[in-house]
Amino acid sequence: MGSRASTLLREEEIEEIKKETGFSHSQITRLYSRFTSLDKGENGTLSREDFQRIPELAINPLGDRIINAFFPEGEDQVNFRGFMRTLAHFRPIEDNEKNKDPTASEPLNSRSNKLLFAFRLYDLDRDDKISRDELLQVLRMMVGVNISDEQLGSIADRTIQEADQNGDNSISFNEFIKVLEKVDVEQKMSIRFLH
Amino acid sequence: MGPFLDFNPFDNLLCILLGISFTVWFTLLLVFIIVPAIFGVSFGIRRLYMKTLLKIFEWATHRIERGAKDNNHLLYKPYSNAIIAKEPTSLEEEINEIRRRGSNRDLDSASEFEMSDIFYFCRRGVESIMDDEVTKRFSAEELESWNLLTRSNYNFQHISLRLTVLWGLGVVIRYGFLLPLRVTLAFTGVGLLVVLTSIIGFLPNGRMKNFFSEQVHLMCYRICVRALTAIITYHDSENKPKNGGICVANHTSPIDVIILASDGCYAMVGQIHGGLMGVIQKSMVKACPHIWFERSEVKDRHLVAKRLSDHVEDTTKLPILIFPEGTCINNTSVMMFKKGSFEIGSTVYPVAIKYDPRFGDAFWNSSQFGMVNYLLRMMSSWAIVCSVWYLPPMTREEGEDAVQFASRVKAAIARQGGLVDLLWDGGLKRGKVKDTFKEEQQKLYSKMLVGTQEDRSLDTPPSSHLN
């Protein structure tokens, strides 16, 4: 049923999304089919419940945070454009893009934007700083009940100590980038399409 | 009265014509369909029909592709397999790899938490949003070529005039000719089943009764098979289930029962329904022992197990037919088998059923269609084509518990039918996933953080199916 709706996506829209996200025509129609199959209410938008219906996402310790990343500030529904914009962060970086016109706006899947996506998973209140509490929250989500508060607290303290350079006891985006400068972000935060 | 006199001879002629065509129609029906069904022979008409259809479908798809190319449009091409590349690495492997490459200090010092650890969860999460293994099993499989049914066409705008005419012709044939024919046959088949089994119920128990009951069941199911224009290929019939055994198969639709029961005699298991289903069930059980449960008894697992094991111990009774998935899946995968039938301890005869979706999609999406709607859709498709493989019997081995046995059987069925073997529960169609899976992941990750310091008592090995 969802696949029939791919004919409802107009060519102009596909072109716009292509320009904004860099996905190819067939990838966009494929993802639109996926979007409509998740959209049980058939109203052209996805709610948080629609995402939580995916079992593999529901059992992911960071599932709720990832779902949050799709919804803009204070909103409960995401339309297809928003959906694609968020997914675009995970498009692999192609070689020919690296030498593009530097005045053009940064593509959504640049290394910096991928890191920003990850940063925002930690930084819940969007104040551009990962505080100790925010770090603890994410750690707690990832370990469940298996590690004590004290131990988790010391892990968090150690992490902030190593990353924090300006002494404000929290991690800013630049400090975050510095810590991860050797990590192969391009590969680890990219999802390759088969077609 | 004047003008009416002119109509009389015409009326008469009309009646005669109608009468003749009706008789011809019925004779053809009898000769070509019902009589072969009684004796279990086939004229091969259906296979010829299938071959012709395939050629037409290929032409139709080709035409759509050409139309799209001429207009410089891009086609929507459905792919039933994965759309994104998923690495089959485990949580530990991947997080270690991220750390190894990206850490600023050397790895010998016990590295606990790294900020890059979330990349793993992040990517897995978004991968599952783009394409997950479970939700797509509960809706009809997408086809790569068009089979002239509106319900499976994704590229409407590329249809040419010739194709539309062909499609229109298809509609006329399917709804005008095939559907009435099939409905007639269905009513005949079901009616005969109810009447004849009730009659046989009056016979005294014994070999005669069993013989007649088997023949009647087979005959009626064969008529039903023809009512669906089901073209079935049976493989490895030497492994057919024997008395005292349990036959398990993957479940796609209620038609599975008809397909299996037209080739062998089984004792059915199920809940008693009301209405027409109830009437059929009650009359069937008069002829030979089937296992029907009241609604209240279904919840009592001990009662269910007891009745099943009582039945299999009596070797004069027919093998039981069970679908351990518990719900209909769309025939691209096999989901978790419930362990109940595997605890009984008798021989299990696995059967794999694979439908060919090009002629008609047999999957019953019970949240989308009711039973009647579904049957009408089935009867207005081109045909139901499927293959049935009878796998060699399996028994529970030493040291194997019911769950492991169930997985082993499931793997064998999946392998034979070319289906994906999933550990997920078919109940996820309607229910939420259990929290224990998330807790497993959290436990695994925690071990990575502190496992080097604390005791290494691993009570359960990490499950690998989530990776």
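In what follows, every chain begins at residue 1, and chains take the letters A, B, ... in the order their sequences are listed.
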> Which atom pair, heavy atoms only, marks the closest approach of Glu175(A) to Gln165(A)?
Replying inline: OE2-N, 3.3 Å
>> Does any backbone or side-chain atom of Ser190(A) lie under 4.5 Å from a heavy atom of chain B? Answer side chain, backbone, both or neither.
In response: backbone
> Side chain, backbone, both or neither: which part of Tyr445(B) has an atom under 4.5 Å from a heavy atom of chain A?
Replying inline: side chain
>> Looking at Arg34(A) and Asp132(B), is any side-chain nitrogen of the basic one under 4.0 Å from a carboxylate oxygen of the acidic one?
In response: yes
> What residues form a side-chain hydrogen bond (donor to acceptor under 3.5 Å, both in side chains) with Arg123(B), not counting sequence neighbours?
Replying inline: Glu94(B), Glu127(B)
>> Heavy-atom cut-off 4.5 Å, strictly under: side chain, backbone, both or neither for Leu38(A) against chain B?
In response: side chain
>> At a 4.5 Å cut-off on heavy atoms, which part of Arg53(A) comes close to chain B: side chain, backbone, both, or neither?
In response: backbone
> Is it the side chain or the backbone of Leu57(A) that comes within 4.5 Å of chain B heavy atoms, both, or neither?
Replying inline: both
>> Lys136(B) vs Ser333(B), test: side chain to side chain donor-acceptor pair (under 3.5 Å). Steps then yes/no.
In response: CA-CA 10 Å; Lys136(B) 63 185 179 191; Ser333(B) 67; over 6 Å; no
> Which region of Ile147(A), side chain (C-beta onward) or backbone (N, CA, C, O), has a non-hydrogen atom less than 4.5 Å from a non-hydrogen atom of chain B, or is it both or neither?
Replying inline: side chain
> Looking at Met189(A), Met142(A), Arg192(A), which has the largest count of heavy-atom pairs under 4.5 Å with chain B?
Replying inline: Met142(A)
> Under a 4.5 Å heavy-atom cutoff, which of Val433(B), Asp435(B), Ile118(B) has the most pairs with chain A?
Replying inline: Ile118(B)
>> If the condition is salt bridge (charged side-chain N to carboxylate O under 4.0 Å, His left out), which residues does Arg430(B) pass it with, not counting sequence neighbours?
In response: none
> Checking heavy atoms, do the side chain of Leu31(A), its backbone, both or neither come under 4.5 Å from chain B?
Replying inline: side chain
> Where does Ile129(B) contact chain A at under 4.5 Å (heavy atoms): side chain, backbone, both or neither?
Replying inline: both
> Does a salt bridge link Arg377(B) with Asp361(B), judged by any charged N lying under 4.0 Å from a carboxylate O?
Replying inline: no
>> Under 4.0 Å between a side-chain nitrogen and a carboxylate oxygen: does that hold for Arg132(A) and Asp157(A)?
In response: yes
> Which atoms of Phe70(A) come close to chain B, meaning under 4.5 Å heavy atom to heavy atom: side chain ones, backbone ones, both, or neither?
Replying inline: side chain
> Between Asp64(A) and Arg48(A), is there a salt bridge with N-O shorter than 4.0 Å?
Replying inline: no
